[in-house]
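For reference, the structure discussed in these notes is given below.
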Protein chains: 2
Amino acid sequence: MSKESDIRNAIWQLAFQFKVSSKKAIRQYGLPLNGMHVRILHMIGATPACTAHRIVQASGRDKAQITRLLKELEGMSLIQRAPNPDDKRSQIVSLSGKGEALMARAREAEQDVVTRLLKGMKKDEIDTFVGLAGRMLDNLREE
Amino acid sequence: MSKESDIRNAIWQLAFQFKVSSKKAIRQYGLPLNGMHVRILHMIGATPACTAHRIVQASGRDKAQITRLLKELEGMSLIQRAPNPDDKRSQIVSLSGKGEALMARAREAEQDVVTRLLKGMKKDEIDTFVGLAGRMLDNLREE
DNA sequence: GTATTTGGTGGACAATATCAACCATATTTC
DNA sequence: GAAATATGGTTGATATTGTCCACCAAATAC
């Protein structure tokens, strides 16, 4: 198989299996969340004064998709919105107590997957991988 | 940011951007294919005596999904089916002339993306990346 | 032979992604 | 300051991708 299809395959397969494993782990923990929910909650938890726009930029997803996911999360009482003092068009979203609690468990579940993923990998190998992935990502983005 | 979210992010973002870029390239070439179509056509082209089951195994996707994609591809006259002499339940799928022609162009489009992806990367870095990704994939699969 | 497994199909539906129109506020331009 | 434009966000509509389940027919195991 050519080098091109190797790298293509590596990216697609790894991402797909990782998604499947993560989803399964989250479900085994009995958490009522799907993949995108978890990812967005992560970002909200990690970003101070997080707005929808910030999530759009960080995730690269369509803003309509983000709007809907946020609405769902709010409907599940996992996040709350507060007016943004800097811009009346937008709101600042943050995790609710329930959201924090759920994410604590989600982190455990995901940690299991990452641990499995990285089994037998040395620290510098992981760094190398993340570094190379970052460079590829930059290559695709700058355009 | 922690090492765990680094690797998670690296995988998700890289795969997402790669998918977006590939899709855009395919569309710019004016090809009436979406991501899964291209991936399956690749496999069919590369696999001698390719059956649906083989695609299911190689792709890791649900067999119902594969059935439908194959039906669509057959509807577009990009593939053809022939009886499998080894097993009357299954059929051997192969690219039609039209399918071959389309894939020749799709390969060009994807080649552009891979070239961009790998810009500035040394050959051994690419090998390292593919190797590490393969090990991670094995970790997730063996379970 | 019957029982079980396997390759494949179809229905139903959930999750994810895309595109365009639109509203309210912010920002720029003059 | 008013008009024009840009930005953050929402909604509708629709496409793509993924999942689960029941089922059929042929293959394999017993």
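Order of the sequence lines sets the chain letters (A, B, ...), proteins ahead of strands, with each chain counted from 1. Given the structure is predicted, the values throughout are model-derived calculations rather than measurements.
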Heavy atoms under 4.0 Å, any strand shown: does [X] hit a base, just sugar-phosphate, or nothing?
X        : answer
Thr67(B) : base
Lys88(A) : sugar-phosphate
Arg27(B) : sugar-phosphate
Asn84(B) : nothing

Phosphate OP1/OP2 of [N]: any [X] side-chain N/O under 4.0 Å:
X        : N       : answer
Asn34(B) : dA15(D) : no
Gln91(B) : dA25(D) : no
Arg81(A) : dT10(D) : yes

task: Tell me which of Asp62(A) and Met36(B) sits closer to the 5' end of DNA chain D, going by the nucleotide each one is nearest to.
output: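 Looking at DNA chain D, the more 5' nearest nucleotide goes with Asp62(A).
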task: Please tell me which of Gln65(A) and Arg89(A) maps to the more 5' nucleotide of DNA chain D, matching each residue to the nucleotide holding its nearest heavy atom.
output: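 The answer here is Arg89(A).
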message: With a 6.0 Å cut-off (strictly less than), is the heavy-atom count around CZ of Arg54(A), excluding the residue itself, greater than 12?
response: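 No.
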- prompt: Same cluster for Val93(A) and Ile66(A) if Ile/Leu/Val/Met/Phe/Trp/Tyr side chains link at under 4.5 Å?
  reply: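 Per the 4.5 Å side-chain linkage, Val93(A) and Ile66(A) are co-clustered.
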Would you mind telling me which of [options] lies closest to the side-chain atoms of [X]?
X        : options                   : answer
Arg61(B) : dC19(C), dG18(D), dT10(D) : dG18(D)
Ala64(B) : dG9(D), dA27(D), dG10(C)  : dG10(C)
Lys63(B) : dT18(C), dG10(C), dT9(C)  : dT9(C)
Ser90(B) : dG8(C), dG10(C), dT11(D)  : dG8(C)

- request: Decide yes or no for His53(B) and Lys63(B): does some side-chain heavy atom of the first lie under 4.5 Å from some side-chain heavy atom of the second?
  value: no
- prompt: Are Lys122(B) and Asp124(B) within salt-bridge range, i.e. N to O under 4.0 Å?
  reply: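 Between Asp124(B) and Lys122(B) there is no salt bridge, as every charged N stays at least 4.0 Å from the carboxylate O atoms.
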query: What about Arg68(A): does its side chain form a donor-acceptor pair under 3.5 Å with the base of dT18(C)?
result: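 Yes, a donor-acceptor pair under 3.5 Å.
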